[in-house]
Amino acid sequence: MAKKFYITTPIYYVNDKPHIGHAYTTIAADVLARHYRQKGYDVFFLTGTDEHGAKVAESAAKARLDPQSFCDQNSALFKEAFKELNISNDFFIRTTDERHAASVSKFMQVLYDRGDIYEGTYEGLYCVGCEKFMKERDLDEAGNCPDHGKPPEKVSEKNYFFNLSKYLKQVQALIEADTITVLPATKKQEVLGLFKQGLEDFSVSREKVAWGIPLPFDQKQKTYVWVEALQNYISAVGYGDHEKEFAKWWPADVHLMARDIIKFHAIYWPAMLLAADIEVPRVIYAHGFFSLDKRKMSKTLGNVIDPHELVQEFGVDATRYLLLSQFPFGQDGDIKRSLFKEKYNADLANNLGNLVSRVLNMIEKYAGGVIPAQVPSPIYLEHSDEKIEQLQFDLVLNELWQAIDQANQLIDENEPWKMAQDESKKAGLDVLLGQLAAFLMDCAVAIRPFMPSTGEKIIGSLMSPRIEKGDPLFQRLK
RNA sequence: CGCCGGGUAGAGCAGUGGCAGCUCGCGGGGCUCAUAAUCCCGAGGUCGGGGGUUCGAAUCCCCCCCCGGCAACCA
């Protein structure tokens, strides 16, 4: 039986529109999923949307929609964005799915039955106008709600809490031992640092929130949104309703996310799983943030890049390539808008695209459109499985492009256009063209997880009974 | 002293004890199969500052300066 590989992205909050950050995480997950499929693994790649909570209800009201319609609309935006980016997810979960809700109920009941959920009181500043709790920092100088100009009331409500403290030592030990592998290593350090600071039990329910999944043991309370959101990773693969399916996929091999939500994934989530006697995930990988021209990406600054714009300008494959090749995956990195075009022209049009053009053209012109010799590629393409599986995408791509340079050098050194003039060099020319064709084939396979249609196009061209130069893969941009 | 990163060529980044590297850009030359693409050569760096350890430090230790993040759920 084939080995399985289960990879997840976070589920994205429907309050947001899809932006470059969502695209970045999801493309990275897609590359891994495609890589493992290509290797023969049985892959399950999950993404989706997180749809409950007071903020969603609020936004829906503003848009004069009922929450469900609002969610339907915005969730569809993510689906479309991912479709445009050629994301090969096997399932798209929505937390408003019936199956998810049922699974969450079951999970919460298990935690309750095991005695790891207890009743407590949450105290906070509640604004009646907003119908929500406010944080000190949300208030203006006078201590008023900025929207309603009135001070919020001190209110306490009944909440249920999860007994995190009971599991902290255990989770810490699992992370230290790499049973839960937190990557990159610097993030592991950070997470371990959080244990030193001390962590408190957290509330898992809300009394005043209407838009959510009721707690099975107290229907008046809704499950707190991110507690429930984490559970998508098990509900999507059958927890609570399909034991066989669940046994097949769980535990997740990689939970991929940006670094802002690592605490929930590396600490709270494993703790809840331990409480429910479920295996913990294998790898938690937190990647970095973009900044644009040294400025943090944010809606207020208006410098958020819509992936759709990039696709319009560069095409799908180039967008995928440009995002992953900018800087090491685990780190933060700054990019300049102009860099996208430079890199597009240099790497995709000039190097890869032009190489394909010149090789195909020579096969067409000098060999009548048929690969004249079946010979192995003389260029060593490092078997990059290890690097790609450690999510070192920039290194994998770097190696690939070094090989492309070598192919270009090989052509210049041998001057096939001169060989073609000289009948006595025909055999040598045939071998060279065969070698180049073999290299392009290797290259196409290696590139396919990153740029699926480009890989397919190259393979298609080479498999054609009559090889032609064809159109450029990547048109140079002015 | 809350915790964790980072400061290396014009730009973006590798390098974590042994001659300072990669990509882009820039300057010069070559080629003509190719998308004014490709190939070769070159210029460009007191490796944030100071002190120390060492035969030898970008790399290890100490102090300082600057930038960012987490703690405080925008991927």
Side-chain angles (χ1 to χ4, degrees), chain A residues 9-10 12-13 15-29 50 53 55 135-137 184 186-199 224-226 229 256-265 268 286-291 294 296-300 304 307 323 325-328 330-336 338-339 342-343 345-366 394-395 397-398 401-402 404-405 407-420 429 433 436 469 471-477:
Chain A
T9 73
Y12 304 110
Y13 207 48
N15 242 18
D16 236 349
K17 294 237 164 17
H19 58 64
I20 199 172
H22 305 116
Y24 187 61
T25 312
T26 312
I27 289 168
D50 179 10
K55 276 195 216 162
K135 300 244 166 96
E136 298 272 359
R137 65 174 182 283
T186 57
K187 296 296 186 299
K188 178 179 169 183
Q189 286 301 112
E190 271 180 44
V191 169
L192 290 174
L194 292 173
F195 287 99
K196 276 187 264 167
Q197 278 181 50
L199 292 152
Y224 188 39
V225 60
W226 63 253
L256 187 60
M257 73 212 69
R259 60 176 167 70
D260 56 327
I261 51 177
I262 192 169
K263 182 169 134 190
F264 300 96
H265 285 80
Y268 295 174
H287 66 70
F289 278 151
F290 286 100
S291 61
K294 304 276 183 196
K296 192 176 174 178
M297 225 174 61
S298 81
K299 273 169 271 178
T300 36
V304 176
L323 289 179
S325 62
Q326 293 291 339
F327 51 81
Q331 299 175 22
D332 282 10
D334 185 63
I335 31 179
K336 285 194 189 137
S338 61
L339 235 57
E342 275 175 26
K343 231 173 149 45
N345 280 335
D347 294 356
L348 298 178
N350 296 355
N351 286 344
L352 174 62
N354 183 55
L355 174 68
V356 171
S357 286
R358 62 199 301 213
V359 171
L360 293 180
N361 183 55
M362 287 190 285
I363 293 173
E364 181 183 352
K365 272 195 185 161
Y366 303 153
D394 58 306
L395 293 185
L397 292 171
N398 203 7
W401 255 259
Q402 278 176 27
I404 289 169
D405 283 347
N408 273 320
Q409 287 161 23
L410 188 70
I411 296 174
D412 274 65
E413 283 160 17
N414 286 284
E415 303 182 309
W417 49 92
K418 286 188 183 158
M419 296 166 100
L429 178 60
L433 294 179
L436 289 168
K469 182 183 165 195
D471 296 327
L473 285 175
F474 300 97
Q475 198 64 248
R476 246 185 98 82
L477 297 173

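Note on naming: letters A, B, ... go to the chains in the order of the sequence lines (proteins, then strands), and numbering restarts at 1 for each one. The shown structure was predicted, so the numbers you read here are calculated from the model rather than taken from an experiment.
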Roughly, in whole Å, what's the span from [atom1] in [X] to [atom2] in [N]?
{"X": "A/Asn414", "N": "B/C40", "atom1": "CG", "atom2": "C1'", "value": "15 Å"}
{"X": "A/Asp260", "N": "B/C73", "atom1": "CG", "atom2": "P", "value": "9 Å"}
{"X": "A/Lys365", "N": "B/U32", "atom1": "NZ", "atom2": "P", "value": "13 Å"}
{"X": "A/Leu397", "N": "B/G12", "atom1": "CG", "atom2": "C1'", "value": "15 Å"}
{"X": "A/Asn345", "N": "B/U38", "atom1": "CG", "atom2": "P", "value": "10 Å"}
{"X": "A/Arg358", "N": "B/A36", "atom1": "CZ", "atom2": "P", "value": "13 Å"}
{"X": "A/Asp16", "N": "B/C73", "atom1": "CG", "atom2": "P", "value": "15 Å"}
{"X": "A/Arg259", "N": "B/C74", "atom1": "CZ", "atom2": "C1'", "value": "12 Å"}

Tell me if a side-chain donor or acceptor on [X] pairs with a main-chain N or O of [Y] at a distance below 3.5 Å.
{"X": "A/Asn345", "Y": "A/Arg476", "value": "no"}
{"X": "A/His265", "Y": "A/Ile262", "value": "no"}
{"X": "A/Asn414", "Y": "A/Leu410", "value": "yes"}

Rounded distance in Å between the [atom1] positions of [N] and [M]:
{"N": "B/C26", "M": "B/A11", "atom1": "P", "answer": "15 Å"}
{"N": "B/C74", "M": "B/U46", "atom1": "C1'", "answer": "42 Å"}
{"N": "B/G49", "M": "B/A37", "atom1": "P", "answer": "38 Å"}
{"N": "B/C33", "M": "B/G48", "atom1": "C1'", "answer": "49 Å"}
{"N": "B/G10", "M": "B/G44", "atom1": "P", "answer": "11 Å"}
{"N": "B/C22", "M": "B/G30", "atom1": "P", "answer": "25 Å"}
{"N": "B/C47", "M": "B/A57", "atom1": "C1'", "answer": "11 Å"}
{"N": "B/U59", "M": "B/A20", "atom1": "C1'", "answer": "12 Å"}

I need the [X] [atom1] to [Y] [atom2] distance, nearest 0.5 Å.
{"X": "A/Asn350", "Y": "A/Phe474", "atom1": "CG", "atom2": "CZ", "value": "12.0 Å"}
{"X": "A/Leu323", "Y": "A/Thr26", "atom1": "CG", "atom2": "OG1", "value": "10.5 Å"}
{"X": "A/His287", "Y": "A/Thr25", "atom1": "NE2", "atom2": "OG1", "value": "3.0 Å"}
{"X": "A/Asn398", "Y": "A/Ser325", "atom1": "CG", "atom2": "OG", "value": "9.5 Å"}

Looking at the side chain of [X], which of [options] is the nearest nucleotide?
{"X": "A/Tyr366", "options": "B/A75, B/U35, B/C33", "result": "B/C33"}
{"X": "A/Lys418", "options": "B/A75, B/U38, B/U32", "result": "B/U32"}
{"X": "A/Asn361", "options": "B/C33, B/U35, B/A75", "result": "B/C33"}
{"X": "A/Ile411", "options": "B/C33, B/A72, B/C73", "result": "B/C33"}
{"X": "A/Trp417", "options": "B/C33, B/U35, B/A71", "result": "B/C33"}
{"X": "A/Tyr12", "options": "B/A34, B/A75, B/G69", "result": "B/A75"}

On a heavy-atom basis, which atom in [X] and which in [Y] lie closest, and how many Å separate them?
{"X": "A/His22", "Y": "A/Lys17", "value": "CE1-O, 3.4 Å"}
{"X": "A/Tyr366", "Y": "A/Leu429", "value": "CB-CD2, 3.9 Å"}
{"X": "A/Asp347", "Y": "A/Trp401", "value": "O-NE1, 3.0 Å"}
{"X": "A/Val356", "Y": "A/Leu473", "value": "CG2-CD1, 3.8 Å"}
{"X": "A/Pro307", "Y": "A/Pro18", "value": "CD-O, 3.7 Å"}
{"X": "A/Pro472", "Y": "A/Ser357", "value": "CA-OG, 4.3 Å"}

Would you tabulate the pairs of protein nitrogen or oxygen atoms and nucleotide nitrogen or oxygen atoms of nucleotides 20-30 of chain B closer than 3.5 angstrom?
{"unit_1": "B/C24", "atom_1": "O2'", "unit_2": "A/Glu342", "atom_2": "OE1", "d": "3.2"}

Compare side-chain N and O positions of [X] against OP1 and OP2 of [N] and report whether any pair is under 4.0 Å apart.
{"X": "A/Gln409", "N": "B/U38", "result": "no"}
{"X": "A/Arg476", "N": "B/A37", "result": "yes"}
{"X": "A/Lys469", "N": "B/U35", "result": "yes"}

Checklist entry - With sequence neighbours left out, which residue pairs that include part of residues 353-364 of chain A fulfil the salt bridge (Lys or Arg N to Asp or Glu O under 4.0 Å) condition? => result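 Matches after skipping sequence neighbours: A/Arg358-A/Asp412.
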
Nucleotide N/O to protein N/O under 3.5 Å, stretch nucleotides 3-5 of chain B:
{"unit_1": "B/C4", "atom_1": "O2'", "unit_2": "A/Glu190", "atom_2": "OE2", "d": "3.2"}

Checklist outcome for this item: Read 5' to 3' with Watson-Crick or G-U pairs under 3.5 Å, [ ] for crossing pairs and | for partners on another strand, RNA chain B gives .(((((((.[[[[.)..(..]]]].((((.........)))).....[[[[[..)....]]]]])))))).....

Next on the checklist: Taking any heavy-atom pair under 4.0 Å as a contact, classify A/Ser357: base, sugar-phosphate, or nothing.
Outcome noted: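 Base contact.
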
Next on the checklist: Within the 4.0 Å heavy-atom criterion, would you say A/Pro416 contacts the bases, only the backbone, or no part of the nucleic acid?
Outcome noted: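 Touches nothing.
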
Checklist entry - Taking for each residue the nucleotide of RNA chain B bearing the nearest heavy atom, is the 5' side occupied by A/Ile404 or by A/Tyr224? => result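 Looking at RNA chain B, the more 5' nearest nucleotide goes with A/Ile404.
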
Close N/O contacts between protein and nucleotides 14-16 of chain B (under 3.5 Å):
{"unit_1": "B/A14", "atom_1": "OP1", "unit_2": "A/Gln331", "atom_2": "OE1", "d": "2.6"}
{"unit_1": "B/A14", "atom_1": "OP1", "unit_2": "A/Gln331", "atom_2": "NE2", "d": "2.7"}

Next on the checklist: Can you list everything that forms a ring pair (Phe, Tyr, Trp, His ring centres under 6.0 Å) with A/Tyr224? Sequence neighbours excluded, please.
Outcome noted: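 Scan of A/Tyr224 (ring pair (Phe, Tyr, Trp, His ring centres under 6.0 Å), adjacent residues dropped) gives A/Trp226.
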
